[in-house]
Protein chains: 2
Amino acid sequence: MHNSEIDSLRRRLARRFAEHLADEYILRDEAERRPYECDGLAAYRHLPLLVVLPGNIAEVQAVMRICHEEGVPVVARGAGTGLSGGALPLEDGVLLSLARLNRILAIDPDNCCARVQPGVRNLAISEAARPHGLYYAPDPSSQIACTIGGNIAENAGGVHCLKYGLTVNNIQALEVVTVEGERLTIGGSGLDSPGYDLLALMTGSEGMLGIVVEATVRLLPIPERAQVVMAAFDDVETAGQAVADIIAAGILPAGLEMMDNPSLRAAEDFVHAGYPVEAAAILLCEVDGDNEAVSEEIARVRQRLLDSGATEVRTAMNDEERARFWAGRKAAFPAVGRISPDYYCMDGTIPRKHLPRVLREISEMSEQFGLRAANVFHAGDGNLHPLILYDGNQPGELERAEEFGGKILELCVEVGGTITGEHGVGMEKINQMCAQFPPEELQLFHAVKAAFDPQGLLNPGKAIPTLNRCAEFGAMHVKAGDLRFPHLERF
Amino acid sequence: MHNSEIDSLRRRLARRFAEHLADEYILRDEAERRPYECDGLAAYRHLPLLVVLPGNIAEVQAVMRICHEEGVPVVARGAGTGLSGGALPLEDGVLLSLARLNRILAIDPDNCCARVQPGVRNLAISEAARPHGLYYAPDPSSQIACTIGGNIAENAGGVHCLKYGLTVNNIQALEVVTVEGERLTIGGSGLDSPGYDLLALMTGSEGMLGIVVEATVRLLPIPERAQVVMAAFDDVETAGQAVADIIAAGILPAGLEMMDNPSLRAAEDFVHAGYPVEAAAILLCEVDGDNEAVSEEIARVRQRLLDSGATEVRTAMNDEERARFWAGRKAAFPAVGRISPDYYCMDGTIPRKHLPRVLREISEMSEQFGLRAANVFHAGDGNLHPLILYDGNQPGELERAEEFGGKILELCVEVGGTITGEHGVGMEKINQMCAQFPPEELQLFHAVKAAFDPQGLLNPGKAIPTLNRCAEFGAMHVKAGDLRFPHLERF
């Protein structure tokens with residue numbers, strides 16, 4: 001589209017939106033639109049055509065109806081904390097912010113659920129439920145800021161998803177506005193719902209099937225007690241094996257996290273968590289439940305860690321120490337940010353039993369690419385977050401980091417894992433989808449998308465690559481023998 | 001189709017199948033086909049055009065390719081224990097039995113999963129996993145006979161699904177043969193999988209999206225101990241309230257089952273479970289986990305039941321008594337079969353807090369229709385199984401029973417529940433889907449179906465009603481003011 005066409009489309013859309021929304025919620029000026037040009041994956045930026053902030057479901061419906069009539073693409077956005085570029089706007093598309101739909105509509109302690117608008121922050125749900133002895137389990141690291149709508153779009157996880165599941169396991173029902181502006185209720189209060197499981201289909205669909213405008217989420221009783229054990233190891237592979245041993249022993253921790261030496265050292269320097277800085281790796285294992293059960297389980301965990309070769313095992317003496325142990329883990333990303341000009345956060349998943357092998361190979365690749373890697377992960381469910389350290393100002397380092405990252409994801413697929421654990425595909429990993437899925441399955445994805453959005457107006461170009469794109473990428477793949485990231489392409 | 005056309009189609013298909021399958025696995029004769037004419041919903045019967053029993057995935061693919069080329073519909077069948085008619089054959093369609101794909105391919109204790117063929121019986125998985133201290137959690141009442149393929153098709157539940165989830169929460173990956181005969185791998189070992197959640201979409205899709213030819217199921221550690229408490233109540237509503245109280249207290253039992261007087265009395269007469277036959281209702285509450293935790297939780301459950309008005313609370317003294325308490329519950333359906341010539345088993349779900357109201361209204365309807373009702377249900381998750389007692393030989397009783405059943409399902413929808421808990425929609429409840437879903441959502445279901453099966457060859461006519469059917473049904477609904485069952489229609 002020419003600039004003049006873009007301008008005239010912007011004016012026409014703004015005029016039509018103004019029939020339904022107050023003027024202050026239609027952002028036309030470049031300066032107003034600028035904050036929306038990217039999400040947490042800041043390497044990708046597009047200035048959206050127009051930003052709208054509807055205040056209720058009827059306004060969302062009006063926006064969708066108008067965009068549908070005009071054939072204009074729509075990208076929905078929560079808090080913009082996503083790490084895979086799922087909320088990256090389009091220059092010829094509307095950015096639909098759900099930020100104003102931020103009310104908790106009901107807390108229902110009888111049925112252990114809450115009805116919330118999509119712009120409600122993840123942590124705000126647990127805060128509102130606390131007086132009833134309840135909380136919302138999924139806890140992505142960004143839970144102070146990220147919203148439930150974005151959590152649903154990306155099927156967010158967190159430290160506790162090993163025991164309590166991902167977002168999809170913790171929602172009961174959704175109110176959804178379709179691409180045509182129709183309102184649908186999906187799911188319900190029962191464990192099962194007749195018909196196809198549209199609730200699961202919608203969850204993690206990255207804004208490509210519909211706009212979530214309300215969610216009923218499951219609340220769980222706050223455990224009587226939580227306790228954490230920290231274990232140190234002399235080498236990373238032994239720590240990886242200990243994770244497998246704990247799970248194989250039938251223990252289901254509320255959280256089971258691993259940090260290698262570069263990340264635990266960075267975290268220790270940053271927040272003084274009390275980590276043993278000489279350890280090759282540490283595990284943090286949290287157990288929750290009834291008082292008695294926790295005591296017994298902690299004893300089992302300690303024994304198992306020692307049997308698996310831990311050189312030191314420490315149980316937090318009190319809540320303060322427990323909070324400090326976790327503070328280090330939660331600050332790991334910014335801590336690594338302090339020791340390197342830039343880092344690239346990966347997100348892959350592997351079968352737990354391959355942890356030792358994958359850790360060893362990442363370490364070998366690190367030497368091969370001449371780039372440091374810090375490993376932080378949800379070890380219990382095999383969800384890796386290797387951080388690749390690089391300096392964007394050194395020519396070639398970004399490219400090497402991306403190549404290194406691609407190799408890690410390739411390795412994940414090779415051992416039977418996947419290219420994403422909890423951050424979604426978005427823009428970041430769209431090419432890797434070609435390595436993950438055969439053309440038949442990608443075609444099925446497109447057919448499912450078309451069932452909801454035949455014209456492809458909802459967040460087009462994200463998450464599911466076209467076969468064309470894969471063909472180009474596949475050719476590149478065969479030639480170069482590796483997986484590349486899309487920002488090496490011009491688009 | 002004329003009979004001669006049917007015969008010639010049968011001959012042509014059999015000839016083509018014989019190029020891939022041994023002759024004994026292609027059933028042509030009426031006597032051979034007769035056992036496949038219905039599943040557990042015996043009120044519906046159709047003799048299939050042809051029955052095939054492939055022995056491996058390649059043979060399933062060959063059958064699907066041929067049927068696709070010939071434009072012949074295919075109905076897949078597991079053990080045929082389904083209660084909603086999902087495996088009801090078509091007279092012009094092939095019945096595809098997965099019974100010969102009955103091998104357990106691998107038990108993987110390291111990753112707590114098992115790879116199994118679809119014809120493996122539910123209970124056989126737990127039996128094979130037991131030496132590793134593991135088991136497969138979903139336990140439908142038919143678990144001795146029903147197969148994992150059928151469990152996946154219907155998203156089966158069971159007594160333990162309150163704590164451990166439905167089938168969809170306990171599978172990791174599926175191998176699927178598409179309507180064109182292509183083989184796809186869906187899901188994987190990670191908690192999340194990139195792309196749309198086809199695994200959840202396939203689960204519970206009643207054979208309408210593809211043929212499951214292999215499944216990787218999650219295994220859980222066998223709990224150290226399980227204990228059950230039985231509580232008696234003077235009236236059904238108090239028992240219903242006790243269920244809500246237990247859950248609201250933050251207790252998550254492994255099973256929480258309720259039986260009213262007619263059902264507990266029938267069960268007692270049949271298996272001598274030790275139930276108090278004068279009670280208006282009993283609850284069975286099972287707790288599992290570590291030894292200590294179970295003791296503590298049982299004490300809490302007992303206290304809560306007494307606080308909620310139980311007149312008697314008994315903890316099983318030993319494993320034998322525990323088995324006897326459950327034997328009564330598990331034998332409830334056949335026990336009711338002994339006190340009435342016929343019964344009609346309903347399956348609806350309601351929000352737990354409406355249990356007392358729904359129980360009261362079912363009891364009022366029972367008087368109004370002049371038919372006894374026995375209530376047995378998975379109370380913890382609000383999944384009702386009212387049994388309507390009637391005599392098919394008394395003119396008008398079947399129709400009254402169906403009308404009564406329709407009213408119960410209407411009531412479920414009215415209080416915010418659904419028309420099925422765990423038995424699926426199949427043929428039985430297809431009209432009630434029109435009451436459950438608006439036309440927009442039914443259209444979305446059809447569009448999803450078309451993404452997998454554009455010609456509608458996979459189990460056509462089941463689960464998702466056409467808008468046409470709903471229009472006819474809707475007209476009837478408006479006129480008569482009730483929900484009717486499809487066997488009142490001629491088809």
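Each chain gets a letter, A, B and so on, in the order the sequences are listed, and its residues count up from 1.
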Any side-chain heavy-atom pair of A/Glu440 and B/Thr178 under 4.5 Å
no
Please round to the nearest 0.5 Å and tell me the distance separating atom CD of B/Glu441 and atom CZ of A/Arg183.
12.5 Å
Side chain, backbone, both or neither of B/Asp108 within contact of chain A (heavy atoms, under 4.5 Å):
side chain
If you measure from CZ on A/Phe445 to CG on B/Leu198, what distance do you get to the nearest 0.5 Å?
4.5 Å
Quick check for you: to the nearest 0.5 Å, what is the distance between B/Cys112 atom SG and A/Leu252 atom CG?
9.5 Å
Top residue by heavy-atom pair count (under 4.5 Å) with chain A, among B/Thr185, B/Ile247, B/Leu134?
B/Thr185
Can you tell me how far the OH atom of B/Tyr196 sits from the CG atom of A/Leu209, to the nearest 0.5 Å?
4.5 Å
Atom group of B/Val448 that falls short of 4.5 Å from chain A, counting heavy atoms:
both
Assert top hit (heavy-atom pairs under 4.5 Å, partner chain B, pool A/Glu180, A/His446, A/Met433) equals A/Met433
What distance do A/Asn111 atom CG and B/Arg352 atom CZ have between them, rounded to the nearest 0.5 Å?
6.0 Å
Note, A/Asp290 side chain near B/Glu292 side chain (heavy atom, < 4.5 Å)
no
Residue, of B/Asn291, B/Ile251, B/Asp197, that accumulates the most heavy atom pairs under 4.5 Å with chain A
B/Asp197
In terms of heavy-atom proximity below 4.5 Å to chain A, should B/Glu206 be classed as side chain, backbone, both, or neither?
neither
Chain B contacts, top residue of A/Ala200, A/Pro438, A/Pro223 (heavy-atom pairs, under 4.5 Å)
A/Ala200
How about B/Gln436 and A/Pro194: do any of their side-chain heavy atoms sit closer than 4.5 Å?
yes
If we define contacts as heavy-atom pairs under 4.5 Å, which of B/Gly195, B/Ala249, B/Gly204 has the most with chain A?
B/Gly195
Could you check if a side-chain atom of B/Glu224 sits within less than 4.5 angstrom of a side-chain atom of A/Glu296, using non-hydrogen atoms only?
yes
Looking at A/Asp245, A/Asp110, A/Ile222, A/Leu184, which makes the most heavy-atom pairs under 4.5 Å with chain B?
A/Leu184
One should read off an interatomic distance between B/Met202 CE and A/Leu201 CG, to the nearest 0.5 angstrom, of 11.0 Å
